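The next block holds one structure in the form of structure tokens; read it before the comments.
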Amino acid sequence: MKKYDYLIVGAGLYGAVMAYELGKKGKSCLVIDKRDHIAGNIYCEDVEGIHVHKYGAHIFHTSDKNIWDYINRFAEFNHYINSPVAVYKDELYNLPFNMNTFSKMWGIKTPEEAKKIIERQRKETGITEPKNLEEQALFLGGKDIYEKLIKGYTEKQWGRKCTELPAFIIKRLPFRFVYDNNYFNDRYQGIPIGGYTPIVEKMLEKADVRTGVDFFEFRKQNADIAEKIIFTGMIDEYFDYRLGALEYRSVRFETEVLDCDNYQGNAVVNYTDSEVPYTRVIEHKHFEFGKQEKTVISREYSSEWVVGMEPYYPVNDEKNNALFEQYKKLADSEKNVIFGGRLGNYKYYDMDKVIAAALEQFEKIMQTAE
Ligand code: UDP
């Protein structure tokens with residue numbers, strides 16, 4: 001008999017949902033995380049009474065009622081709607097791409113006028129079947145939108161030319177001909193009152209949790225601690241990079257407490273030209289309509305990931321996806337180990353998709369166990 005049914009590596013959202021569901025079924029779980037805190041990248045730190053999204057802004061949004069109901073069991077959500085503003089040189093635009101953006105860009109008022117301009121610009125590009133992000137963006141919105149609001153931001157965020165990036169990345173963003181600045185099309189949206197960390201705390205209530213523990217060190221002495229492993233770290237690292245390293249993007253946050261109550265008037269301001277070195281500035285208090293005297297901002301600098309940095313975004317281009325498929329084969333033949341989450345599945349998942357993937361995996365486990 002081993003001490004635990006499951007060793008869960010990573011106390012982020014995927015690992016926490018797994019621990020919660022397995023715990024409900026009476027399975028014993030040990031959750032370890034190499035950081036000194038739980039909650040992975042949705043961890044919030046209290047600074048000046050403000051919940052600071054320490055590893056990047058997280059706005060919960062989903063169209064799946066089941067997932068919305070699920071997460072609402074762990075927290076009450078506020079009515080925050082993400083409406084970022086984009087700064088291009090000395091111009092300011094609403095995002096996502098909507099009538100407010102088009103009106104400011106071209107001085108027009110009606111959808112018909114906007115459509116005419118975009119149609120003309122699209123024709124000028126001659127693109128009929130977009131093959132990469134640049135072509136997809138030009139096809140959707142024409143040259144002005146692409147050059148002022150997409151090109152610089154995307155190339156800073158990914159460190160690659162838009163012609164070398166997959167089109168799906170830009171398909172995340174709505175493009176609409178109504179005056180609506182809601183960044184997401186999803187039916188449900190909000191920020192958990194009290195931040196994200198208490199959600200994960202609740203999910204982990206039944207599990208044993210040890211933070212500050214590196215799996216690769218831990219397993220040397222504890223190879224037999226659990227029947228099964230759920231691994232949410234980097235899949236290529238798990239296999240000691242034996243097929244080569246997958247590429248990730250990292251983000252460095254420059255966080256500052258400012259002695260003013262409202263720095264930029266919005267939670268998210270994107271800097272879309274290539275000259276400004278950061279991609280966006282987050283003012284955390286606005287996620288929760290904070291009234292504190294001070295404010296906390298984070299400038300985000302994007303960079304290629306190298307060992308020792310935090311991996312944030314998988315680079316889901318053809319080359320990396322093909323390499324991932326090779327690792328996936330290794331993973332499938334790894335007995336008693338399940339790989340999950342953004343890093344384990346090498347997928348640009350949003351939070352709702354992480355939960356859905358974890359619940360689906362949990363169902364599979366239960367079916368095979370029965
Ligand atoms: N994007 C853009 N301009 C913007 C914001 C986003 O071109 O001002 C594009 C860009 O290609 C980026 C993608 O949309 O990679 C997704 O951006 P988002 O900020 O939604 O991603 P997140 O980092 O929040 O997951």
Side-chain angles (χ1 to χ4, degrees), residues 13 41-42 53 55-62 80-89 91-98 100-102 104-105 130 132-176 181-186 189 191 247-253 264 266-274 276 278-282 284 287 298-305 310-317 342-343 347-354:
L13 192 54
N41 283 358
I42 59 176
H53 295 206
Y55 303 94
H58 283 79
I59 299 130
F60 198 94
H61 57 98
T62 187
Y80 177 80
I81 298 283
N82 197 32
S83 309
V85 163
V87 176
Y88 174 79
K89 302 190 182 196
E91 300 167 28
L92 198 138
Y93 296 95
N94 287 112
L95 289 175
F97 314 114
N98 75 92
N100 288 305
T101 328
F102 310 143
K104 183 82 180 273
M105 181 95 48
N132 55 49
L133 196 150
E134 176 172 287
E135 293 189 1
Q136 180 69 49
L138 286 167
F139 187 75
L140 269 177
K143 177 170 156 289
D144 292 342
I145 300 277
Y146 174 64
E147 285 179 358
K148 290 188 171 179
L149 299 178
I150 298 174
K151 189 172 192 292
Y153 185 92
T154 304
E155 294 188 345
K156 278 193 287 188
Q157 179 170 6
W158 296 97
R160 286 156 179 76
K161 296 265 168 249
C162 286
T163 47
E164 288 157 21
L165 286 164
F168 86 88
I169 294 176
I170 198 75
K171 288 193 193 146
R172 288 167 60 84
L173 298 196
F175 200 93
R176 47 172 103 98
N181 295 329
N182 184 345
Y183 196 61
F184 302 112
N185 280 328
D186 287 324
Q189 182 173 175
I191 299 282
E247 292 172 306
Y248 301 85
R249 293 295 288 173
S250 191
V251 187
R252 181 171 65 81
F253 299 95
Q264 61 183 15
N266 205 27
V268 184
V269 177
N270 290 358
Y271 287 83
T272 58
D273 58 272
S274 56
V276 177
Y278 39 87
T279 51
R280 56 189 167 195
V281 178
I282 304 297
H284 301 268
F287 287 125
S298 300
R299 291 183 203 89
E300 289 188 22
Y301 296 84
S302 187
S303 70
E304 200 64 15
W305 176 87
E310 300 284 357
Y312 285 91
Y313 298 93
V315 180
N316 286 121
D317 58 11
R342 229 185 219 207
L343 303 176
K347 234 192 199 143
Y348 187 6
Y349 275 140
D350 287 332
M351 286 178 283
D352 62 327
K353 301 292 184 302
V354 170

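Order of appearance sets the numbers: ligands from 1, and atoms from 1 within every ligand. Treat the numbers as computed from the prediction; the structure is a model and nothing was measured.
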Legend entry - side-chain contact (heavy atoms from CB on, under 4.5 Å) against Val276, all qualifying residues, sequence neighbours excluded: Lys156, Tyr271, Asp273, Tyr278
Inset, instruction - For Phe184, check ring pair (Phe, Tyr, Trp, His ring centres under 6.0 Å) against everything at least two apart and list the hits. - result: His61
Inset, instruction - Measure from NZ or CZ of Arg252 to the centre of the six-membered ring of Tyr301 and say whether it is under 6.0 Å with the direction within 45° of the ring axis. - result: yes
Legend entry - Listed once per pair and sorted, the side-chain hydrogen bond (donor to acceptor under 3.5 Å, both in side chains) pairs that draw on residues 135-145, sequence neighbours left out: Trp106-Asp144, Gln121-Asp144
Inset, instruction - Output the set of protein residues with a heavy-atom contact under 4.0 Å to ligand 1, ordered first by chain identifier and then by residue number. - result: Leu95, Leu149, Ile150, Tyr153, Thr154, Gln157, Trp158, Ile169, Ile170, Arg172, Leu173, Tyr183, Asn270, Thr272, Arg280, Tyr313, Tyr348
Legend entry - Output field: ring centroids Trp158/Tyr348 closer than 6.0 Å: yes
Inset, instruction - Anything under 30° is parallel, anything over 60° is perpendicular, the rest tilted; go ahead and classify Tyr55 against Tyr312. - result: tilted
